[in-house]
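One structure is given below, encoded as structure tokens.
Heavy atoms only: backbone and side chains are in, while hydrogens, waters and symmetry mates are out.
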Amino acid sequence: GGNLYVSNDNIYFYENVWQYSGKDVTTIRKVSYESGELTAGAQCKIDGYINDSFSIDEYDGYLRVVVTDGDTNSVYVLNQELKETGSIKGLAEDERVYSARFMGKAGYFVTFKETDPLFSVDLSDPKNPKIIGALKIPGFSDYLHPYGDGLLLGIGMDVEEDGTTVNGVKLSMFDISDPKDVKEVAKTVLEECYSTDVSYNYRAAFVDTEKNLIGFPGYKEQQEYYIYSYDKEKGFTGVFEKKLSGYSEVRGLYAGDRFYLVTEATVESYRLDNFEKVDDVVL
């Protein structure tokens with residue numbers, strides 16, 4: 001009933017444990033696999049629940065975790081014995097974690113109720129993690145993805161400040177070159193597109209910084225697939241849009257000079273330079 005996070009050295013099995021008090025508690029069990037040998041390690045319990053596999057990360061022998069605990073949120077830093085060395089508690093009251101991403105000595109996570117605080121966390125001192133920035137904008141990001149030097153891509157929803165009026169799926173580009181002063185440098189909203197599979201399955205996102213392509217399925221009157229590029233001056237530009245028949249799991253990928261759009265019923269190929277259709281096959 002739990003989930004796995006695997007680092008280069010260890011396997012962490014974590015699961016939410018129901019309590020009679022109704023309080024969320026997560027157990028974490030550590031197993032090392034050096035030289036192919038599985039060795040049972042430490043285990044612990046922390047208050048709260050882990051949103052997804054991007055909310056837990058190992059770096060320099062320390063495990064960093066972001067959790068939602070009741071009506072607040074917390075950041076924990078644990079040592080190799082899974083003992084707490086530092087924490088930040090009581091963050092973003094009445095909100096919950098929607099997405100997170102750890103990047104070396106820094107961490108970023110998004111909470112949401114009416115506005116979208118993107119928190120920056122300094123994790124350079126495992127004994128003293130610090131919130132060093134909080135960018136508040138309407139809406140939220142379900143998924144965060146590093147996008148080249150000093151940039152962080154967010155895929156989520158654009159929501160008015162009343163917290164109820166949804167304008168559509170949103171792409172945001174954040175400048176994180178200074179974690180103390182994170183900025184949203186570009187955004188685009190897909191109006192009348194009110195959901196994307198990326199919200200619950202990050203594998204639905206096709207993101208390639210080298211090719212400068214951001215692809216994902218979305219839903220208007222029917223399922224569609226979108227690809228965008230990003231430019232520092234122009235922001236986001238749509239380079240491909242395809243209406244799909246029916247509703248299914250959709251994946252975008254490339255090989256060589258071809259882009260492939262894969263559904264449960266078809267595989268279509270396109271030229272990668274201009275997205276002209278080349279061929280298709282019905283499965």
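Not a single donor-acceptor pair under 3.5 Å links the side chain of Asp280 to the backbone N or O of Val267. The closest donor-acceptor contact from the side chain of Gln222 to the backbone of Leu244 lies under 3.5 Å. The closest donor-acceptor contact from the side chain of Asp231 to the backbone of Gly235 lies at 3.5 Å or more, if one exists at all. Remark: side-chain polar atoms of Ser199 are paired, donor with acceptor, to backbone N or O of Thr196 under 3.5 angstrom. Proximity of a side-chain donor or acceptor of Thr263 to a complementary backbone N or O of Ala265 within less than 3.5 Å is detected. The backbone N or O of Pro217 sits nowhere less than 3.5 Å from a side-chain atom of Asp197 that would complete a donor-acceptor pair. Ser120 places a side-chain N or O within 3.5 Å of a backbone atom of Pro179 that can act as its donor or acceptor partner. A side-chain donor-acceptor contact under 3.5 Å links Thr68 to the backbone of Val97. Distance alone, capped at 3.5 Å, places no donor-acceptor pair between the Ser32 side chain and the Glu34 backbone. With hydrogens and angles disregarded, a donor-acceptor distance shorter than 3.5 Å links the side chain of Ser7 to the backbone of Asn10.
Using a 4.5 Å cut-off on side-chain heavy atoms (C-beta onward), Val185 and Tyr230 make contact. Looking at Ile46 and Val25, their side chains never come closer than 4.5 Å, going by heavy atoms from C-beta outward. Within the 4.5 Å cutoff, the side chain of Glu224 has no heavy atoms near those of the Lys242 side chain. Put simply, the side chain of Ser53 does not reach to within 4.5 Å of the side chain of Asn3, judged on heavy atoms. Using a 4.5 Å heavy-atom cutoff, the side chains of Asp175 and Val182 are not in contact. For the pair Val207/Tyr147, a side-chain contact is recorded, criterion being any heavy-atom separation below 4.5 Å from C-beta on. When side chains are defined from C-beta on, Leu63 counts as touching Val65, because their heavy atoms get closer than 4.5 Å. Side-chain contact between Phe109 and Val121 is present, with heavy atoms from C-beta onward closer than 4.5 Å.
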Could you go through Tyr33 and Asn8, starting from their C-alpha distance and side-chain angles, then the distance that decides it, and tell me whether this counts as side chain to side chain donor-acceptor pair (under 3.5 Å)? CA-CA 9 Å; Tyr33 60 98; Asn8 287 335; 5.4 Å; no

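Ion pairing between Lys130 and Asp122 fails under the 4.0 Å rule for side-chain N and carboxylate O. Arg96 has no carboxylate O lying under 4.0 Å from a charged side-chain N of Asp71, or vice versa, which leaves the two without a salt bridge. Taking a cutoff of 4.0 Å between a charged side-chain nitrogen and a carboxylate oxygen, Lys30 and Glu81 do not qualify as a salt bridge. Between Glu58 and Arg64 there is no salt bridge, since none of the side-chain N atoms of the basic residue sits less than 4.0 Å from a carboxylate O of the acidic one. Ionic pairing of Lys23 and Asp69 is present here: one or more N-O contacts between side-chain nitrogen and carboxylate oxygen are shorter than 4.0 angstrom. Contact check on Asp279 versus Lys277 returns no salt bridge, with no Lys/Arg side-chain nitrogen under 4.0 Å from an Asp/Glu carboxylate oxygen. A salt bridge links Asp273 with Arg271; the closest basic N to acidic carboxylate O contact falls under 4.0 Å.
If you look at Phe259 and Phe206, their ring centroids are closer than 6.0 Å.
Within a 6.0 Å sphere centred on NZ of Lys187, other residues, nucleotides and ligands contribute more than 12 heavy atoms.
Applying the side-chain hydrogen bond (donor to acceptor under 3.5 Å, both in side chains) criterion to Glu184, with sequence neighbours excluded, gives Ser172.
In terms of heavy atoms, Tyr62 sits closest to Asn79 at CD2-CA, 3.8 Å. The two atoms that bring Ser141 and Gly154 nearest to each other are OG-CA, 3.7 Å, heavy atoms only.
Under the 30°/60° scheme for interplanar angles, the aromatic rings of Tyr12 and Tyr5 are found to lie parallel. Using the six-membered ring where Trp is involved, Tyr247 and Tyr219 have ring planes that are parallel, under 30° apart on the 30 and 60° scheme. Taking the six-membered ring where the residue is Trp, Phe240 and Tyr270 present perpendicular rings, their angle passing 60° and hence far from 30°. Classification of the Tyr143-Tyr202 ring pair by plane angle, with boundaries at 30° and 60°, yields parallel.
Distance check: Ser229 OG to Lys211 NZ gives 14.0 Å after rounding to the nearest 0.5 Å.
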